[in-house]
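Input: a single structure, listed below in structure tokens.
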Amino acid sequence: MRYDLVIFDNDGVLVDSEPISNGILAGYLTELGHPTTYEDSLRDYMGAAVHRVHDLVGERTGRRLPEDFDDELHARVFAAFERELKPVTGAVDVLAELSADGVPYCVASSGSHQRIRVGHRTAGLGGWFDDARIFSAEDVGQGKPAPDLFLHAAARMRVAPARCVVVEDSPLGVRAAVAAGMDVYGFTAMTPAERLGDVTGTFAEMRELPGLLA
């Protein structure tokens, strides 16, 4: 293994949540008078913390979202997770291989700690991540595309950034990893390779990942 730490994004990389959450977000924004398609949501918000939704809506319309927007959005998303969420195909096999080889790994997500844990529990990934391996944008001042979250994860795991590799599926996440001075492999299941930006490499199926990291 060329790296001392593998840092996974969560949504779309470990849990197949992006179609669920972006569909709900687009519908909710449209309900509130901000017409948004599923494709719009993927383009503008995939990989970002929820504050980006507030920021972009404010910039574009001069209007503020309701005070309870975050709570209502999370309630809708979590209810859908309970009904529909599954792990990304092959993710469990990758985690098992890293564990068997003694390779440290963690998750660093733009989602809240609650969202990460609900997603892991409902997708059956809870046993792979104890609290010491879970990092959220809530832990730092700025979320992706700032490097803060990945640098925080590396520091807590006691690994130099240059010895870390990030697994991402969004342009915002790739930018954050590059800014942190880390290699980054882009998962192209939902985002075309040409949109991801300055990645170290890309892969379309999780079973390809261990070979790229070796």
Side-chain angles (χ1 to χ4, degrees), residues 5-18 20-22 24-25 28-29 41-42 44-59 64-82 85 87-88 91 95 104-123 125-159 161 164-182 184 187:
L5 177 66
V6 182
I7 304 176
F8 290 95
D9 175 45
N10 190 55
D11 294 292
V13 171
L14 295 173
V15 294
D16 195 15
S17 54
E18 294 291 10
I20 299 171
S21 58
N22 281 282
I24 290 170
L25 175 58
Y28 187 27
L29 286 173
S41 185
L42 289 178
D44 293 339
Y45 306 120
M46 183 173 165
V50 71
H51 69 76
R52 180 175 171 85
V53 183
H54 292 267
D55 293 345
L56 284 187
V57 168
E59 288 172 14
R64 297 183 63 179
L65 293 168
E67 291 294 326
D68 66 347
F69 177 84
D70 293 10
D71 290 341
E72 177 62 22
L73 176 65
H74 289 148
R76 295 186 186 196
V77 168
F78 293 166
F81 280 3
E82 295 284 356
L85 189 63
V88 167
L95 295 173
Y105 64 85
C106 65
V107 61
S109 172
S110 293
S112 66
H113 277 282
Q114 183 185 17
R115 177 181 172 125
I116 297 167
R117 286 166 171 79
V118 168
H120 285 185
R121 176 178 57 78
T122 54
L125 295 181
W128 295 101
F129 292 91
D130 57 24
D131 288 347
R133 297 178 190 244
I134 297 176
F135 304 101
S136 161
E138 290 181 323
D139 302 331
V140 295
Q142 299 183 81
K144 305 170 189 177
D148 303 37
L149 177 56
F150 290 139
L151 292 173
H152 171 69
R156 290 291 298 273
M157 297 293 289
R158 299 183 179 180
V159 177
C164 298
V165 62
V166 175
V167 184
E168 265 288 353
D169 71 333
S170 75
L172 291 175
V174 169
R175 285 167 56 195
V178 171
M182 300 176 182
V184 53
F187 184 38

Could you go step by step and tell me if L25 and V77 meet the side-chain contact (heavy atoms from CB on, under 4.5 Å) rule? CA-CA 8 Å; L25 175 58; V77 168; over 6 Å; no
Test side-chain contact (heavy atoms from CB on, under 4.5 Å) on F129 and L14 and set out the steps. CA-CA 11 Å; F129 292 91; L14 295 173; 3.6 Å; yes
Go through R76 and E72 one step at a time and tell me if the side-chain contact (heavy atoms from CB on, under 4.5 Å) criterion holds. CA-CA 6 Å; R76 295 186 186 196; E72 177 62 22; 2.7 Å; yes
Criterion side-chain contact (heavy atoms from CB on, under 4.5 Å) on H120 and V107, from CA distance to verdict: CA-CA 11 Å; H120 285 185; V107 61; 4.1 Å; yes
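The nearest pair of heavy atoms linking A154 to L5 is CA-CD2, 4.2 Å. Closest approach of A180 to P161, counting heavy atoms only: O-CB, 3.5 Å. Among all heavy-atom pairs drawn from G111 and I116, the shortest one is O-CD1, 3.9 Å. Smallest separation of non-hydrogen atoms from D9 and S109: OD1-CA, 4.3 Å. D169 approaches G12 most closely through the heavy-atom pair OD2-CA, 3.4 Å. Contact between I20 and A80 at its shortest, heavy atoms only, is CG2-CB, 3.5 Å.
Interatomic distance, OG of S170 versus CD of E18, reported as 7.5 Å (0.5 Å rounding). Separating the CZ atom in F8 from the CH2 atom in W128 is a distance of 11.0 Å, to the nearest 0.5 Å. Note that OG of S112 is 5.0 Å distant from CZ of F78, once rounded to the nearest 0.5 Å. The structure places CG of L151 at 14.0 Å from CZ of R156, a figure rounded to the nearest 0.5 Å. Considering OH of Y45 and CZ of R52, their distance stands at 7.5 Å, rounded to 0.5 Å. For the atom pair CG (L85) and CG (D11), the distance works out to 8.5 Å, reported to the nearest 0.5 Å.
Checking H113 against D131 by side-chain atom types alone, no donor-acceptor pair falls below 3.5 Å. For the residue pair R115 / S21, a side-chain donor-acceptor distance below 3.5 Å is found, with atom types taken as modelled.
In this structure, R175 and V178 have side chains that are not in contact, with every pair of non-hydrogen atoms separated by 4.5 Å or more. In this structure the side chain of V13 never reaches within 4.5 angstrom of the side chain of V88, judged on heavy atoms.
Looking only at distances, no side-chain donor or acceptor of S110 sits under 3.5 Å from a matching main-chain atom of A137.
Taking the six-membered ring for Trp and the full ring otherwise, F135 and F150 have centroids separated by 6.0 Å or more.
Using bins of under 30°, 30° to 60° and over 60° for the plane-to-plane angle, the ring pair Y28/F69 lands in the parallel bin.
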